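Step one of this worksheet: look at the structure below.
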Amino acid sequence: MGENETAATDAGRDFVRDIVQADLTAGRVQTVVTRFPPEPNGYLHIGHAKSICLNFGIAQEFGGRCHLRFDDTNPVKEEQEYIDSIQRDVRWLGFDWGQNLYYASDYFEQLYAWAEHLIRNGKAYVDDTPAEAMRSARGTLTEPGQNSPDRYRSIEENLDLFQRMRAGEFPNGARVLRAKIDMASGNMNLRDPVLYRILHVPHPRTGDTWCIYPTYDFAHGQSDAIEGITHSICTLEFEDHRPLYEWLIENLPVPAHPRQYEFARLNIGYTVLSKRILTTLVRDGHVTGWDDPRMPTLAGLQRRGVPAAAVREFVRRVGVARANSVVDVAQLEATIRETLNPIAERRMAVLRPLKVVIENYPAGQTETLMAANHPDAPERGQRPLTFGREIFVEQEDFIEDPPKKFFRLSPGREVRLRYAYLVTCREVVKDADGTVVELRCVYDPASRGGNAPDGRKVQGTLHWVAAADAVAAEVRLYNHLFARPDPGADGNVMTDLNPNSLEVLRDCLIEPSLAGTDLPHTVQFERQGYFCRDRDSTVGRPIFNRTIGLRDTWAKAGGTPARR
RNA sequence: UGGGGCGUCGCCAAGCGGUAAGGCAACGGAUUUUGAUUCCGUCAUACGGAGGUUCGAAUCCUCCCGCCCCAGCCA
C-alpha cells in the first residue's frame, strides 16, 4: 500500500506531469523536451515563474531538457534589454538552459520556406484586404466570415507576391499572407489566420534583414518542431490556437510533431500579473522601475529580498491545474517567511526611535554583551552589542496608559531588553506638545543577559540599540501595490493603485553590525520582519527594504495600530 | 440556438466508481529572552444544482446554472 501510494504521488503532482509520465511510459516519447518561450517585450514576473518552474521542473524530474527560446516575432515591441533581463531572471530563479538558447528569429528563413510550401499546396494566399475590411469580413462570434476575393489567387501569383513582400516592395499593412482554412469556423483562429505581415522595422537580432515577420501562430509550433519539443506547455488563452497549431504541423514537412497543453495562469490578490499593465506602471512612473520592490517581477522580488527558493516553493504549493484562480497573497507571504526564518540572521534595528535613559547606569560607561546570530542555530555564532546609559527602543513599545494585556513598557512596568537587562520605566519626559520624547528607566544590574537571579519573569522583551554606537539608516516599508484584491475589477486598474504602497522611514537606528556591506543577504530585524540592504545604499547611509513583516498576532488583535 | 474551457472548505488544490489528501487563512492550547518560531488540536456527512445508472458516484450519463477565453496584420 505504502509503495503504491508513493508511486502514485511521485507519478504526477499535476495533470501535465501525468501526461508526460504517460507518454514516457507508453514509449510515445523517449526524452521529454520542454521550452520556456518568453517574448522579450518586458521583464519576467512571478506568473512566468510558474511556467519556468513547470517547464524546467519537468525536464529535470523526467531526465529531459528545457530550452529557453525567445519568441521574438514582433520587433516593434522587443528589445535587447528584455532579452538580457530574462536570462538573468531565469538564472536567478535557479534554472539553467545549458546550450539550449534559441530565438524564433533563428528560424525565419526556414519559416519563410514553409510559408512558400503552404502556398504551393494551395493552403495559403496573399491578401490585399486592408486591416479594417479584414476585420469586418472575419464575421463575429455568432456569424461566419466572408471569403476574401484574394482567396482565389493563383499559386504563381501568390508566390510572386509573397516574394515581393519579402523583397520590401510593399509598405506596412499593404498585404499579408493568410492560411486558407475556413472562414465559417466556430473557432475564430481558423478563419484564415494571418501568417505573415509586413513590418519595416529593425529587429533586435536580425536587424533589417527582414521586413516581413511571421505571426505567433506561424512561428510557435514550427519552432517547437524544429527544436524537437515534445510537450509545448502554455496558458489557457492559447487553447483555441491548438487546432491551428496542429493544422500547421500537419500541413508542413516539419521534423517532429510536438503537442500543446494548456494550464491556468497564475493570479495573486492585490497585484497584477499582466505585462501590459506592469509596463504601464513603469512607463508612467507609478513605480521606480521594473525592479521596484513592490513589483511582482522577479527583479522586484529579488530586490525586495525574496529568495528564489521561496518563489519556487510558492509555485510548487500553488500547483498546476486548468481552473482559473486567484491565489491569496498571504500564501506567498507565508512561503517567504517560512523560507527566510531558518536562514536569516537576527539583528536589532529601531525603526521609530524613542530615547531611553537608564538613570542608575553610570554615565560614560559602556559594556559589551553577546547576542545570538540565530537563536535556533547556536553554531551560527554571536555578535557583540554595546550597552550604555542611553539607548533607543521602538516608539510603539511604550504606551503611557496601556490597554489590557500590553506586555511592553509603561510607567512602573518592567521589561527585558533583549540580550541585555531588565529595566523598569520610572518617568516619562514630554515636550511642549505633550509628545513623549524620552523615558527615564532604572535597570537591574543583576539581570545581565536578560534574566534576574531571583527568577522573576517579565512578559515583554524589547529590541533596542545603544546611543553609543547605533547607526542612522533609512528603511523602506512596502505594502500591496494595489488597494484591492482584484485590481481593475470595476474599471480602471490605475485608480486601484494603493497610495500607501511605500512608506519611507528616514530616522531609523540600526545596530553597527548592520552598517557594513558584508552582511548576509536578507536578515531578520527581531520582532519586526525580514529586511535586506537596498542597492541605493551609500557608504554613509544604509538603506533597507522590508521584505516581509513577521506575523503579528498582537497587532492583528488590535493591540497596536496595524502597520503593514 | 458560434466555438473552446472550468466549477471540490474563506483562498489554492489532491481525487480518475469503493465511501473527501495537503497547504494558506482562521480558531483553541503548550513551549518561548522575538506577542516570532516550534509544537499539539479544531476546521467539507460534503464535492455548482437537479435527476439517473450502480450494492456503492466528487468520480459514469442527462439536463440546468454560473464563471473564464476567442472577432490583433500582439503574444
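Every chain is numbered from 1 and lettered A, B, ... according to where its sequence line falls, protein lines coming before strand lines. Please read all numbers here as calculations on a predicted model, not as lab measurements.
When the nearest nucleotides of RNA chain B are assigned to A:E526 and A:V326 by heavy-atom distance, the more 5′-ward of the two goes with A:V326. Between A:G319 and A:L417, the residue anchored closer to the 5' end of RNA chain B is A:G319, taking for each the nucleotide with the nearest heavy atom.
At the heavy-atom level, A:P37 lies nowhere under 4.0 Å from the strands shown. Contact annotation for A:T215: backbone-only contact, meaning every heavy-atom pair under 4.0 Å involves sugar-phosphate atoms and none involves a base. Residue-level contact check: A:V320 touches the backbone only, with heavy atoms under 4.0 Å from sugar-phosphate atoms and none from bases. Residue A:K275 is classed as having no contact, given no heavy-atom separation below 4.0 Å to the nucleic acid. Counting non-hydrogen atoms under 4.0 angstrom, A:Y213 reaches nothing in the nucleic acid. As judged by a 4.0 angstrom heavy-atom cut-off over every strand, A:P485 is placed among residues making no nucleic acid contact. At the heavy-atom level, A:T129 lies under 4.0 Å from base atoms of the strands shown.
Rounded to whole angstrom, the span from the CG atom of A:D217 across to the C1' atom of B:A75 amounts to 9 Å. Taking atom CG of residue A:D14 and atom C1' of nucleotide B:C12, one finds them 14 Å apart after rounding to whole Å. In this structure, A:F407 places its CZ atom 14 Å from P of B:U32, rounding to the nearest Å. Rounded to whole Å, atom C1' of B:C12 lies 15 Å from atom CZ of A:F15. At whole-Å resolution of the value, CZ in A:R408 and P in B:A36 are 11 Å apart. The interatomic distance linking A:Y196 (OH) with B:A75 (P) rounds to 12 Å, in whole Å. Here B:A36 presents its P atom at 16 Å from CZ of A:R546, a figure rounded to the nearest Å. Rounded to whole angstrom, the span from the CD atom of A:E333 across to the P atom of B:U37 amounts to 13 Å.
Looking at residues 170-179 of chain A, you'll see A:G173, A:V176 sit with a heavy atom under 4.0 Å from some atom of RNA chain B. Non-hydrogen atoms lying under 4.0 Å from RNA chain B are contributed by nothing in residues 40-54 of chain A. Listed by residue number, A:D71, A:T73, A:N74 are the residues of residues 69-76 of chain A with a heavy-atom contact under 4.0 Å to RNA chain B.
In this structure, A:R153 and A:L161 have side chains that are in contact, with non-hydrogen atoms separated by less than 4.5 Å.
Using the Watson-Crick or G-U wobble rule with both distances under 3.5 Å, B:G18 pairs with B:C55. Nucleotide B:A25 forms no Watson-Crick or G-U wobble pair with any nucleotide shown, as no partner meets the under 3.5 Å limit on both distances. Across all strands shown, B:C6 forms a Watson-Crick or G-U wobble pair, both distances under 3.5 Å, with B:G66.
Centre separation under 5.5 Å together with a plane angle under 30° holds for the ring of A:W554 and the six-membered base ring of B:G35, marking them as stacked.
Nearest approach of A:S513 to A:R347, heavy atoms of both residues: OG-NE, 3.0 Å. Heavy-atom minimum distance, A:L44 versus A:I52: CD2-CD1, 4.1 Å. Of all heavy-atom pairs between A:L278 and A:W290, the closest is CB-CZ3, 3.9 Å. Of all heavy-atom pairs between A:N341 and A:H374, the closest is O-CE1, 2.9 Å. Nearest heavy atom pair, residue A:V465 against residue A:A349, reads CG1-CA, 4.3 Å. The minimum heavy-atom distance between A:R312 and A:C53, with the atom names listed, is CG-SG, 3.9 Å.
Distance check on atom P: B:U45 versus B:G35 gives 38 Å, rounded to whole Å. For B:C70 and B:A75, the P atoms lie 15 Å apart once the distance is rounded to whole Å. Taking atom P in both B:U31 and B:A57, one finds a spacing of 47 Å when rounded to whole Å. Using P as the reference atom, B:C40 and B:G22 are 13 Å apart when rounded to the nearest Å. Atom C1' of B:G23 sits at a distance of 16 Å from the matching atom of B:G15, rounded to the whole Å. Remark: the separation of the C1' atoms in B:U38 and B:U19 is 36 Å, to the nearest Å. If you take atom P in B:U59 and the same atom in B:A20, they sit 14 Å apart, rounded to whole Å. Taking atom C1' in both B:A44 and B:G7, the straight-line distance is 16 Å, to the nearest Å.
Comparing B:C73, B:A75, B:U34 by their nearest atom to the side chain of A:R346 picks out B:U34. Taking every side-chain heavy atom of A:A321 into account, B:A14 is the closest of B:C12, B:A14, B:C73.
The shortest distance between the side-chain N/O atoms of A:R138 and the OP1/OP2 oxygens of B:C73 is below 4.0 Å. Between B:C74 and A:R197, a contact under 4.0 Å exists linking OP1 or OP2 to a side-chain N or O. Contact annotation: A:T461 side-chain N/O to B:U32 OP1/OP2 distance is not under 4.0 Å.
Classification of the A:F387-A:Y421 ring pair by plane angle, with boundaries at 30° and 60°, yields tilted. Ring geometry, A:H220 versus A:Y245: the interplanar angle falls from 30° to 60°, so the pair is classed tilted. Aromatic ring orientation, A:Y102 versus A:H67: tilted (interplanar angle from 30° to 60°). Using the six-membered ring where Trp is involved, A:Y216 and A:F238 have ring planes that are tilted, between 30° and 60° apart. Using cut-offs of 30° and 60° for the angle between ring planes, the A:Y196 and A:F162 rings count as perpendicular.
Between the side chain of A:H241 and the base of B:A75, at least one donor-acceptor pair of N or O atoms lies under 3.5 Å. Checked by distance alone, A:Q524 brings a side-chain donor or acceptor within 3.5 Å of a matching partner on the base of B:U34.
Here A:E367 pairs with A:R448 in a salt bridge; the nearest charged N to carboxylate O distance falls below 4.0 Å. For A:E227 and A:R35, the salt-bridge test fails: no basic side-chain N is under 4.0 Å from an acidic carboxylate O.
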Report, as a single string ordered 5' to 3', how protein heavy atoms within less than 4.0 Å touch nucleotides 2-7 of chain B: B base, S sugar-phosphate only, - not at all. BBSSSS

What one-letter contact string describes nucleotides 21-30 of chain B from 5' to 3', where B marks a base within less than 4.0 Å of any protein heavy atom, S marks contact via sugar-phosphate atoms alone, and - marks no contact? --BSSS----

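The salt bridge (charged side-chain N to carboxylate O under 4.0 Å, His left out) analysis of residues 261-272 of chain A, with sequence neighbours excluded, yields the pairs A:E237-A:R265, A:R242-A:E262, A:E262-A:R322.
With hydrogens and angles ignored, the 3.5 Å screen pairs a side-chain donor or acceptor of A:E511 with a backbone N or O of A:M348.
Judged by distance alone, the side chains of A:S51 and A:N55 do bring a donor and an acceptor atom under 3.5 Å apart. A side-chain donor from one of A:D127 and A:T129 sits under 3.5 Å from a side-chain acceptor of the other.
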Applying side chain to side chain contact (heavy atoms under 4.5 Å, CB included), run through A:R408 and A:V393 and close with a yes or a no. CA-CA 11 Å; A:R408 286 109 99 145; A:V393 298; over 6 Å; no

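The glycosidic torsion of B:G72 lies within 90° of 0, placing the base in the syn range.
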